[in-house]
Number of protein chains: 2
Amino acid sequence: MKTEERNFSTCSKHMFPVHDALAVLNGKWKLPIIISLMFGNKRFSQIGREIPKITDKMLSKELRDLEMNELVKRTVYDSIPVVVEYTLTDYGHTLEPVIEVLRKWGEKHRERIMKEESTE
Amino acid sequence: MKTEERNFSTCSKHMFPVHDALAVLNGKWKLPIIISLMFGNKRFSQIGREIPKITDKMLSKELRDLEMNELVKRTVYDSIPVVVEYTLTDYGHTLEPVIEVLRKWGEKHRERIMKEESTE
DNA sequence: CCGCATCCAGTTCGATACTG
DNA sequence: CAGTATCGAACTGGATGCGG
């Protein structure tokens with residue numbers, strides 16, 4: 001087997017799972033929503049208030065996507081006015097390490113950006 | 001301080017860095033490109049062959065974005081035909097833990113999807 | 001053939017307004 | 001409160017072209 005072929009296989013072994021993960025977590029809003037729900041069950045507009053700049057439309061759409069992938073559970077209480085509560089499922093909680101690593105990288109990245117801006 | 005306010009602050013501390021990270025890594029293609037370059041320096045069309053379904057246009061655009069964020073270095077060799085080599089910078093390599101965690105989650109997720117499809 | 005740039009179509013996203 | 005409806009802007013994808 002040639003070097004390039006072996007490299008190609010090794011590379012694909014990493015690429016496909018990451019592709020699968022990105023297919024579920026794509027877009028700007030899904031991880032922020034999950035983070036919001038990591039800190040407790042929330043109602044629709046409560047999530048909206050915690051995520052800067054998200055619109056109702058996007059929040060509604062992304063919550064539906066997350067629900068379809070069983071990361072988030074939606075519960076409707078038949079009170080008046082109607083109350084809808086969103087909960088992170090057990091499966092949703094398995095994303096905690098992912099978020100933790102991204103958070104650490106994001107902090108380092110912000111430090112780097114700030115330093116660059118002050119020296120240029 | 002009320003419970004909700006404290007939760008809001010804690011939550012934001014996690015959300016902002018993740019937001020910063022996502023701003024750099026957004027889209028379907030950036031992480032696959034970085035993975036490809038983790039396995040060695042590559043030329044334009046070599047990267048294209050390793051990433052299923054990516055078009056030349058997207059590859060070109062995403063490489064430029066990554067270059068601007070100093071995750072990837074672009075070197076042009078004045079040979080005939082011209083050769084352009086892409087390299088992961090040291091900073092680009094700091095994304096390895098992020099990719100590793102996403103890869104692990106993606107593998108588990110694929111297992112889960114497969115199981116569901118066979119039992120439903 | 002290599003690394004793009006350009007044109008055009010389809011999809012997604014965002015702002016605002018509105019409903020039960 | 002918890003979303004929908006609508007419209008325009010932005011982003012994405014495919015086909016094609018082009019200098020070297």
Side-chain angles (χ1 to χ4, degrees), chain A residues 4 8 15 18-20 22-34 36-37 40-69 71-88, chain B residues 4 7-8 15 18-34 36-37 40-69 71-88:
Chain A
E4 184 166 335
F8 185 83
M15 207 126 53
V18 172
H19 177 269
D20 291 342
L22 290 179
V24 181
L25 306 174
N26 62 15
K28 294 166 63 175
W29 306 116
K30 295 201 178 73
L31 287 177
I33 291 170
I34 288 167
S36 169
L37 293 176
N41 305 346
K42 304 268 166 69
R43 291 160 54 178
F44 186 86
S45 45
Q46 214 173 343
I47 304 173
R49 260 175 274 127
E50 291 188 352
I51 301 177
K53 311 256 184 188
I54 194 168
T55 61
D56 285 355
K57 186 175 114 181
M58 279 298 107
L59 183 53
S60 166
K61 174 188 171 297
E62 301 291 66
L63 280 169
R64 257 190 314 251
D65 285 358
L66 292 170
E67 201 191 345
M68 278 176 34
N69 284 302
L71 296 168
V72 162
K73 189 160 70 73
R74 180 177 186 270
T75 314
V76 181
Y77 295 101
D78 280 338
S79 50
I80 296 175
V82 68
V83 167
V84 182
E85 189 183 59
Y86 292 92
T87 311
L88 205 58
Chain B
E4 184 166 336
N7 170 44
F8 185 83
M15 208 126 54
V18 172
H19 176 269
D20 292 342
L22 290 179
V24 180
L25 306 174
N26 62 12
K28 295 166 64 173
W29 306 117
K30 295 202 179 70
L31 286 178
I33 291 170
I34 288 167
S36 169
L37 292 176
N41 305 345
K42 303 268 168 66
R43 290 164 50 184
F44 185 86
S45 45
Q46 215 174 342
I47 303 173
R49 260 175 272 127
E50 290 188 353
I51 301 177
K53 310 253 186 189
I54 194 170
T55 62
D56 284 357
K57 192 174 71 173
M58 278 298 108
L59 183 52
S60 168
K61 173 186 172 300
E62 300 293 65
L63 281 169
R64 244 175 294 143
D65 285 358
L66 292 171
E67 201 192 344
M68 276 176 39
N69 284 302
L71 296 168
V72 163
K73 189 161 70 73
R74 180 177 187 270
T75 313
V76 181
Y77 295 101
D78 280 338
S79 50
I80 297 175
V82 67
V83 167
V84 183
E85 190 184 60
Y86 292 93
T87 311
L88 205 59

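Residue numbering restarts at 1 for every chain, and letters A, B, ... go by the order of the sequence lines.
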Check: Please, which pairs that meet salt bridge (charged side-chain N to carboxylate O under 4.0 Å, His left out) have at least one residue in residues 71-87 of chain B, sequence neighbours excluded?
Finding: none

Next item on the list: Would you indicate which nucleotide in D:dA2, C:dC2, C:dA5 comes nearest to any side-chain atom of A:Phe44?
Entry: D:dA2

Item checked: Heavy-atom side-chain proximity of B:Leu63 to B:Phe44 below 4.5 angstrom -> yes

Check: Think B:Ser45 has a side-chain N or O under 4.0 angstrom from the OP1 or OP2 of C:dG3?
Finding: yes

Next item on the list: Starting at atom CG of B:Leu22, determine the distance to atom P of C:dC13, rounded to an integer number of angstrom.
Entry: 14 Å

Check: Roughly how many Å is it from CG in A:Leu63 to P in D:dC1, rounded to a whole number?
Finding: 16 Å

Notebook entry, point to check: Looking for any heavy atom pair under 4.0 Å, which part of the strands does A:Val83 touch: base, sugar-phosphate only, or nothing?
Noted result: sugar-phosphate

Notebook entry, point to check: Please, which pairs that meet salt bridge (charged side-chain N to carboxylate O under 4.0 Å, His left out) have at least one residue in residues 51-62 of chain B, sequence neighbours excluded?
Noted result: B:Lys30-B:Glu62, B:Lys61-B:Asp65

Notebook entry, point to check: Between C:dG14 atom P and A:Ile51 atom CD1, what is the distance in whole Å?
Noted result: 12 Å

Next item on the list: Look at A:Tyr86 and D:dC1 and indicate whether a side-chain polar atom (N or O) is within less than 4.0 Å of OP1 or OP2.
Entry: no

Notebook entry, point to check: Under 4.0 Å between a side-chain N/O of A:Arg43 and OP1 or OP2 of D:dA2, yes or no?
Noted result: yes

Notebook entry, point to check: At under 4.0 Å between heavy atoms, what does A:Tyr77 touch on the DNA or RNA strands: base, sugar-phosphate, or nothing?
Noted result: nothing

Note to self: Would you say that B:His19 contacts A:Pro32 through its side chain, given a criterion of any heavy-atom pair below 4.5 Å between the two side chains?
What the structure shows: no

Check: What one-letter contact string describes nucleotides 7-20 of chain D from 5' to 3', where B marks a base within less than 4.0 Å of any protein heavy atom, S marks contact via sugar-phosphate atoms alone, and - marks no contact?
Finding: -----SBB------

Check: Are any of B:Arg64's side-chain N or O atoms less than 4.0 Å away from OP1 or OP2 of C:dA5?
Finding: yes

Notebook entry, point to check: To the nearest angstrom, how far is A:Glu85 atom CD from D:dC1 atom P?
Noted result: 15 Å

Notebook entry, point to check: Does B:Thr87 have any side-chain hydrogen bond (donor to acceptor under 3.5 Å, both in side chains) partners at least two apart in sequence or in another chain, and if so, which?
Noted result: none

Checklist line | B:Ile47 CD1 - C:dG3 C1' separation (whole Å) | finding: 11 Å

Next item on the list: Might you point out which heavy atoms bring B:Ser36 and B:Glu50 nearest each other, and give the distance in Å?
Entry: OG-OE1, 2.9 Å

Checklist line | Residues in salt bridge (Lys or Arg N to Asp or Glu O under 4.0 Å) contact with A:Arg49, at least two apart in sequence or another chain | finding: B:Glu4

Margin query: To the nearest 10°, give me the bend of the helix from C:dC1-D:dG20 to C:dG20-D:dC1, comparing the axes of its five terminal pairs at either end.
Written below: 20°

Notebook entry, point to check: Residues in side-chain contact (heavy atoms from CB on, under 4.5 Å) with A:Arg43, at least two apart?
Noted result: A:Gln46, A:Val83

Notebook entry, point to check: OP1 or OP2 of D:dG3 sitting under 4.0 Å from any side-chain N/O of A:Arg74?
Noted result: yes

Check: B:Lys42 NZ to C:dG3 P: how many Å, rounded?
Finding: 13 Å

Checklist line | side-chain hydrogen bond (donor to acceptor under 3.5 Å, both in side chains) partners of A:Asp20, counting only residues at least two apart | finding: B:Arg110

Next item on the list: Measure the distance from CD on A:Gln46 to P on D:dA2 and round it to the nearest whole Å.
Entry: 9 Å

Next item on the list: Just jot down the side-chain hydrogen bond (donor to acceptor under 3.5 Å, both in side chains) partners of B:Asn41, sequence neighbours excluded, or say none.
Entry: none

